[in-house]
Student: 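The structure is given below, and queries will be raised subsequently.
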Amino acid sequence: MNVAAKRQIAERVVDLIPDHATLFFSIGTTPALVAAALAEHEGLTVITNNLNAALALSDAPGARIILPGGTLRLPDRDILGPQVLDLFRGYRADFAIYGVGGVDTDGSLLDFNEDEVQNRQCQRANARASILVADTTKFGRRAAAVGGNLSNADHIVIDQRPAPPWNKVLDPLSDRLILAGDTS
């Protein structure tokens with residue numbers, strides 16, 4: 001869903017990532033599209049439980065890809081389970097690139113189960129910088145598991161600014177907000 005917007009987001013994230021970086025990728029289609037957009041980068045080390053992201057970078061020049069054991073959730077191709085947290089706890093990344101199931105009106109980050117929240121929070125905590133990638137359909141989208149806030153991200157890359165009710169949450173973060181649809 002919303003593939004064109006997610007590709008715009010991915011293209012903007014590419015500019016933030018240097019060659020030879022170590023990256024965490026969370027589950028979800030937007031992080032997987034970011035991975036695909038990074039396929040020309042050299043020497044990336046990728047730690048992920050997103051099989052689509054791993055496959056997208058499998059031909060990148062000099063890439064090293066680290067995957068956890070666990071249960072492969074289909075059709076999403078996400079690996080979940082306690083081994084995933086163990087893997088992310090054992091590494092320090094330059095960047096954590098993560099998506100969310102939804103964003104609540106107070107900026108809280110939402111997902112569909114607690115495992116997803118724990119994995120995202122662990123990645124963010126063990127990265128030098130974090131990049132939240134979310135298209136505008138995530139703003140106001142409901143999901144039951146909560147953890148983290150928009151304000152925790154070092155960079156927030158969205159396709160376009162959501163409707164004005166979101167200004168009170170986004171305005172204080174304007175120095176970290178990147179609008180992918182804005183080419184200026």
Side-chain angles (χ1 to χ4, degrees), residues 1-42 44 46-50 52-57 60 63 76-78 93-112 116 119-121 123-124 127-143 147-184:
M1 292 176 43
N2 215 8
V3 175
K6 292 176 180 184
R7 283 195 175 120
Q8 280 184 320
I9 292 166
E11 290 302 321
R12 288 302 291 267
V13 173
V14 166
D15 297 334
L16 301 173
I17 308 298
D19 286 340
H20 307 286
T22 299
L23 308 172
F24 289 144
F25 281 96
S26 78
I27 64 171
T29 55
T30 309
L33 287 168
V34 172
L38 287 166
E40 299 300 316
H41 275 52
E42 293 185 11
L44 298 177
V46 174
I47 301 117
T48 187
N49 60 326
N50 183 333
N52 290 323
L55 292 171
L57 286 164
D76 300 317
R77 297 185 183 147
D78 302 324
D94 297 311
F95 297 93
I97 300 167
Y98 60 94
V100 294
V103 179
D104 211 344
T105 55
D106 64 354
S108 294
L109 304 182
L110 308 173
D111 266 303
F112 297 98
E116 295 172 6
N119 290 328
R120 181 183 68 241
Q121 299 220 110
Q123 289 178 30
R124 190 184 54 75
R128 291 178 180 88
S130 60
I131 304 171
L132 170 62
V133 292
D135 68 90
T136 54
T137 66
K138 304 295 181 166
F139 288 83
R141 186 176 184 208
R142 300 279 186 190
N149 192 284
L150 284 171
S151 63
N152 301 135
D154 295 304
H155 305 281
I156 303 161
V157 185
I158 59 177
D159 55 320
Q160 60 186 343
R161 198 168 174 101
W166 293 97
N167 289 348
K168 68 178 182 175
V169 173
L170 292 174
D171 285 350
L173 307 174
S174 62
D175 61 325
R176 297 182 253 170
L177 187 64
I178 300 170
L179 301 176
D182 181 5
T183 56
S184 59

Student: For the residue pair Pro31 and Gly99, what are the closest heavy atoms and their distance?
Tutor: CG-N, 3.6 Å

Student: Looking only at heavy atoms, which two atoms of Phe25 and Val46 are closest? And how far apart?
Tutor: CD1-CG1, 3.6 Å

Student: For residues 100-107, which side-chain donor-acceptor pairs fall under 3.5 Å, sequence neighbours excluded?
Tutor:
| unit_1 | atom_1 | unit_2 | atom_2 | d |
| --- | --- | --- | --- | --- |
| Asp106 | OD1 | Ser108 | N | 2.9 |
| Asp106 | OD1 | Ser108 | OG | 2.8 |
| Asp106 | OD2 | Ser108 | OG | 3.2 |

Student: Looking at every non-hydrogen atom in both residues, tell me the closest pair between Ala96 and Gln123 and how far apart they are.
Tutor: CB-O, 3.6 Å

Student: Using the side-chain hydrogen bond (donor to acceptor under 3.5 Å, both in side chains) criterion, which residues pair with Asp19? Sequence neighbours excluded.
Tutor: none

Student: If you define the side chain from C-beta out and look only at heavy atoms, does anything of Leu179 sit under 4.5 Å from Ile158?
Tutor: yes

Student: Which residues pass the side chain to side chain contact (heavy atoms under 4.5 Å, CB included) test with Ala36, sequence neighbours left out?
Tutor: Ala56

Student: Taking Glu11 for the side chain and Ala37 for the main chain, is one N or O donor matched with an acceptor at less than 3.5 Å?
Tutor: no

Student: How close do His41 and Ala60 get, heavy atom to heavy atom, and via which atoms?
Tutor: O-CB, 4.0 Å

Student: Do the non-hydrogen side-chain atoms of Val34 and Ile17 ever get within less than 4.5 Å of each other?
Tutor: no

Student: Apply side-chain hydrogen bond (donor to acceptor under 3.5 Å, both in side chains) to Arg120 and list each qualifying residue two or more places apart in sequence or on a separate chain.
Tutor: Asp111

Student: Taking the side chain as every heavy atom from C-beta outward, state whether Leu109 and Leu132 have any atom pair closer than 4.5 Å.
Tutor: yes

Student: Side-chain contact test, heavy atoms from C-beta onward, threshold under 4.5 Å: evaluate it for Leu23 versus Leu38 and give yes or no.
Tutor: yes

Student: Which residues satisfy the side-chain hydrogen bond (donor to acceptor under 3.5 Å, both in side chains) test with Arg141, sequence neighbours excluded?
Tutor: none

Student: Can you name the residues that form a ring-ring contact (aromatic ring centres under 6.0 Å, His included) with Tyr98, not counting sequence neighbours?
Tutor: none

Student: So which atom in Leu44 and which in Pro18 form the shortest heavy-atom distance, rounded to 0.1 Å?
Tutor: CD2-O, 3.9 Å

Student: Suppose we screen for side-chain hydrogen bond (donor to acceptor under 3.5 Å, both in side chains). Which residues come up paired with Glu116, at least two apart in sequence or across chains?
Tutor: Arg73, Asn113

Student: Tell me yes or no: between the side chains of Asn50 and Thr48, is some donor less than 3.5 Å from an acceptor?
Tutor: no

Student: Working to the nearest 0.5 angstrom, can you tell me the gap between Glu40 CD and Leu57 CG?
Tutor: 10.5 Å

Student: Checking Asp159 now: which residues fulfil side chain to side chain contact (heavy atoms under 4.5 Å, CB included) with it, not counting sequence neighbours?
Tutor: Asn2, Ala5, Gln8, Ile9, Asp135, Thr136

Student: Got a sec, which residues hit side chain to side chain contact (heavy atoms under 4.5 Å, CB included) with Pro172, two or more places apart in sequence or on another chain?
Tutor: none

Student: Taking C-beta and beyond as the side chain, do Asp76 and Ile27 meet within less than 4.5 Å on heavy atoms?
Tutor: no

Student: Compare all side-chain heavy atoms of Phe139 with those of Leu150 and state whether any distance is below 4.5 angstrom.
Tutor: yes

Student: Considering residues at least two apart in sequence or located in another chain, which fulfil the salt bridge (Lys or Arg N to Asp or Glu O under 4.0 Å) criterion with Asp94?
Tutor: Arg128

Student: Which residue pairs pass the side-chain hydrogen bond (donor to acceptor under 3.5 Å, both in side chains) test when at least one of the two sits in residues 20-29, sequence neighbours left out?
Tutor: Lys6-Thr29

Student: How long is the span from the CD1 atom in Ile156 to the OG atom in Ser151, to the nearest 0.5 Å?
Tutor: 8.0 Å

Student: Under the side-chain hydrogen bond (donor to acceptor under 3.5 Å, both in side chains) definition, can you give me all pairs with a residue in residues 165-179, not counting sequence neighbours?
Tutor: Arg161-Asn167, Arg161-Asp171

